[in-house]
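Because only heavy atoms are used, hydrogens play no part in the values below, and waters and symmetry mates are left out as well, while side chains stay in. A note on names: the letters A, B, ... follow the listed sequences, proteins ahead of strands, and every chain is numbered from 1.
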Number of protein chains: 2
Amino acid sequence: MVIVTPEQARSSDETARSRATDEARPPATVTLADVARRAGVATSTASLVFSGRGPVAPATAEKVARAASELGYAGPDPRAAQLRTGRTRVVGVSYDGTLAGAFADPYQVALLGGFSELLDAEGYGLLLLPESQGAAGLPLSSHSMDAVLFAMCGALERPDVDALAARGLPLLGTGAPLDDRVVQLTIPDRGATAEIVEHLRGLGHTRIGHVTMPLAAGARPGLVSAAEASGADYVDTRDRARGFLDGGGTPELIAAASDLTVDAGAAAASLLLDADQPPTALVCQSDLLALGAIKAAGERGLAVPDDLSVAGFDGVETPWFSGRLTTADQRPAEKGRELGRMMAALLRGEPVASGTFDVRLRPGTTTGPAASQFVAE
Amino acid sequence: MVIVTPEQARSSDETARSRATDEARPPATVTLADVARRAGVATSTASLVFSGRGPVAPATAEKVARAASELGYAGPDPRAAQLRTGRTRVVGVSYDGTLAGAFADPYQVALLGGFSELLDAEGYGLLLLPESQGAAGLPLSSHSMDAVLFAMCGALERPDVDALAARGLPLLGTGAPLDDRVVQLTIPDRGATAEIVEHLRGLGHTRIGHVTMPLAAGARPGLVSAAEASGADYVDTRDRARGFLDGGGTPELIAAASDLTVDAGAAAASLLLDADQPPTALVCQSDLLALGAIKAAGERGLAVPDDLSVAGFDGVETPWFSGRLTTADQRPAEKGRELGRMMAALLRGEPVASGTFDVRLRPGTTTGPAASQFVAE
DNA sequence: TTGAAAGCGGTACCAG
DNA sequence: CTGGTACCGCTTTCAA
């Protein structure tokens, strides 16, 4: 078992260095100036060598490179470069809640994957900023970054927006926080949900229940009224609930999940399935919640879609699920890429318009004709 | 549809500012010096007000706060603070491959969740650094951070380690890259896998197959020899393969998956199940791969565990799966937290020893007696 | 093609 | 408790 302390790491490093150099006391930390001195050139010239920007004679470049490797120079210190240039090559990604919570949802993972794909290509790193960061006392704006994406659809307001905007950082969101300074890529949550309900009504369903995402940070899960659901803090929860009502869902059959997981979906769906007059169809605000509903149905001996139709929202990959979930497909990876494109433009200083992203109703094998109408035998 | 450009955002901001200030030409970007000047105090004093470090008279603090809000000051610029203090409050998390690939595995997600939990509490943000970063031309070390976690178990070497170490950054890994300067938290991959095989042999299995994780970046998936598997580039793949052989697995029945997904597991398992003399048990190097194997078995009409026993590795939550997977549980969230604790100590400059993390064989409902021995009827 | 010098915006000494 | 002042390490004009 090896013990390594930063001190040891540094000192062993210095040993290696002093073997290569002939100076008596090499500086604790090698700077570009040290390299330039050793190479016999000006700091500015050495800088050009590393950035590859200006014209430098091959021989000079060679001298600098040799000096650098002799001194064990790690390259220009990014902190100094950032201060000087103002650019950090970092994009912040802000979440409501914890990372574990956010990434439990394949939708978020796919979205971030698509986003990252594009920003990687431009050499940006993603700085994850869970809500707890704020709780730790540090405002978001105390991290250095070139822009921020508000990723986990969520709260309408965020106190950090002021400070971030004051810094002149481009801000991008997917519906929240609601603020003029945040460029948005939204989806028609309301219309798409209404469309799902209509699809089910077209199949003959009349008692249609709704499983919502959490209504607000720390909100109590369980049965909720139509008014509570359509007044949710979280924009997407709210809009989908409104769409559910628009489409003709049953207002008495709404249950909120505690979080975006299969188990939470099963728990919320259970409340509806165990009602006196249970629904014959369930519209869930996310695919994971829908899979939970299907699980809950299974536990009650209900066949999907014969006894119960279930629809989701998002269009995530669920390779373990043998059916094809009826869902409102928002192609999360592609949406992430689109956000990446918008962000890249913003980073280049180009004007970017808020816009909407398409969602497509994708009928699968989990919705079918209402059972009570046609007795299958 | 609202158009917002960074320029507009800034100018509207300045409008707001000039409404509050009486100076004719406020500086384009407000600095601490501006605030101090307006408050009639020294910059150093203003600095103390924001950092809350030194003793400042309440009246003075009040003056500074007012000046700041009048000028629309966003708080000390993190870039400057970083250069001066040398601390960035950012921990890099390096992955082999893409983020989408890494986060497709619930094991990685849970691990990162646990890690983040601890570092959040200390006010650190996580900077995700997919491998593609390197491809974009920027070395890892061109980002400013206080330490780096090598998260996705992977390649034995990484060119970036030299530069990162030269910067004196604490480095933490879960087995890779293999380097004295990286503190490691490893698990007994080899022993744990051997234990699983022995468990199966105890159940009467004699033809035991193995589904491995990818052998190397860009390695060809499919049937592989025992030599290839036990010489894999990726340390964990390699060690688990060795354990498989140690425990008495069948050397001819090894297939490598193309990535860490259910579908890849199903594909690799299919190759083994379709062999002339198929295995009666499958030891998979990850839980996701195991679920894929179970899927492949189902497609062939094989019942688990009656016709085929399947074991996984990791111990992830799979709420959608109705059984309980037999697995080597490495409690990913807790492992992440332990890594967080080690990292926190490293960041405090404390010495941290490399160590091992426990893995427990957790028998579930997916392994049972070998079918050929006891004909159940 | 190279060198000199002026900051980027704070922080942390140290003197008063 | 407050002010003055050296830096942190690099990038970028501007001249030579």
Side-chain angles (χ1 to χ4, degrees), chain A residues 26-64 67-68 71-89 141-146 163 166-169, chain B residues 26-64 67-68 71-89 141-144 146 163 166-168:
Chain A
T29 161
V30 186
T31 74
L32 184 58
D34 299 326
V35 174
R37 198 172 309 126
R38 181 168 237 273
V41 303
T43 338
S44 52
T45 305
S47 176
L48 293 180
V49 173
F50 283 99
S51 68
R53 241 182 271 285
V56 179
T60 314
E62 170 59 23
K63 268 193 306 189
V64 172
L71 294 176
Y73 182 56
D77 187 322
R79 289 171 306 224
Q82 283 176 194
L83 176 57
R84 186 58 237 231
T85 63
R87 328 198 60 224
T88 64
R89 302 253 110 184
S141 56
S142 74
H143 276 111
S144 47
M145 39 203 183
D146 293 340
R167 277 233 155 82
L169 296 184
Chain B
T29 161
V30 185
T31 74
L32 184 58
D34 299 325
V35 174
R37 197 171 311 125
R38 179 169 239 273
V41 303
T43 339
S44 51
T45 304
S47 176
L48 292 181
V49 173
F50 284 99
S51 67
R53 241 182 273 286
V56 179
T60 314
E62 170 59 23
K63 267 193 305 187
V64 172
L71 294 176
Y73 181 56
D77 187 322
R79 290 171 305 219
Q82 283 176 194
L83 175 57
R84 185 61 240 230
T85 63
R87 329 198 62 223
T88 65
R89 302 252 113 183
S141 55
S142 75
H143 276 111
S144 47
D146 293 339
R167 267 224 166 93

- With sugar-phosphate meaning primed atoms plus P, OP1 and OP2, does Ser51(B) contact a base, only sugar-phosphate, or nothing at under 4.0 Å between heavy atoms? nothing
- Query: Side-chain contact, heavy-atom cut-off 4.5 Å: Asp77(A) with Thr31(A)?
  - Reply: no
- Of all nucleotides in DNA chain C with an atom under 4.0 Å from a non-hydrogen atom of chain B, which is the first and which the last going 5' to 3'? dG9(C) to dA12(C)
- From Thr45(A) OG1 over to Phe50(A) CZ, what is the distance, rounded to the nearest 0.5 angstrom? 12.0 Å
- Task: Measure from CD on Gln82(B) to P on dG9(D) and round the result to the nearest Å.
- Result: 14 Å
- Task: Would you please test Ser144(B) and Thr88(A) for side-chain contact (heavy atoms from CB on, under 4.5 Å) and show each step?
- Result: CA-CA 8 Å; Ser144(B) 47; Thr88(A) 64; over 6 Å; no
- Note on the structure: Whole-Å distance, Leu32(B) CG to dC8(D) P, equals 20 Å
- Taking all atoms of both residues into account, what is the closest heavy-atom pair of Pro78(A) and Ser141(B), and its distance? CG-O, 3.7 Å
- Hey, does the side chain of Tyr73(A) come within less than 4.0 Å of dG9(D)'s phosphate (OP1/OP2), counting only N and O? no
- One would report the end-axis bend of the helix from dT1(C)-dA16(D) to dG16(C)-dC1(D), five pairs per end and rounded to 10 degrees, as 30°
- Could you check how far CZ of Arg84(B) sits from P of dT5(D), rounded to whole Å? 16 Å
- Query: Rounded to whole angstrom units, what separation is found between the CG atom of Asp77(A) and the P atom of dC7(D)?
  - Reply: 18 Å
- Query: Whole-Å distance between dC8(D) P and Asp34(A) CG?
  - Reply: 11 Å
- Side-chain contact, heavy-atom cut-off 4.5 Å: Ser142(A) with Arg89(B)? no
- Query: With Arg79(A), which of Gln82(B), His143(B), Arg87(B) fulfils side chain to side chain contact (heavy atoms under 4.5 Å, CB included)?
  - Reply: Gln82(B)
- Query: dC10(D) P sits how many Å from Arg37(A) CZ, rounded?
  - Reply: 11 Å
- Task: Answer yes or no: is there a donor N or O on one side and an acceptor on the other, between the side chain of Arg38(B) and the main chain of Leu71(B), under 3.5 Å?
- Result: no
- May I ask you to test the Ser47(A)-Arg84(A) pair for a side-chain heavy-atom distance under 4.5 Å? no
- Please give, in whole Å, the distance from dT13(D) P to Arg53(A) CZ? 10 Å
- In this structure, CZ of Arg37(A) is separated from OG1 of Thr43(A) (nearest 0.5 Å) by 8.0 Å
- Task: Go through the N and O atoms of the side chain of Arg79(A) and the base of dC8(D), and report whether any donor-acceptor pair is under 3.5 Å.
- Result: no
- Of Ser44(B) and Ala80(B), the one whose closest nucleotide on DNA chain D sits nearer the 5' end is Ser44(B)
- Message: On DNA chain D, compare the nucleotides closest to Pro76(A) and Leu48(B); which residue's is nearer the 5' end?
- Response: Leu48(B)
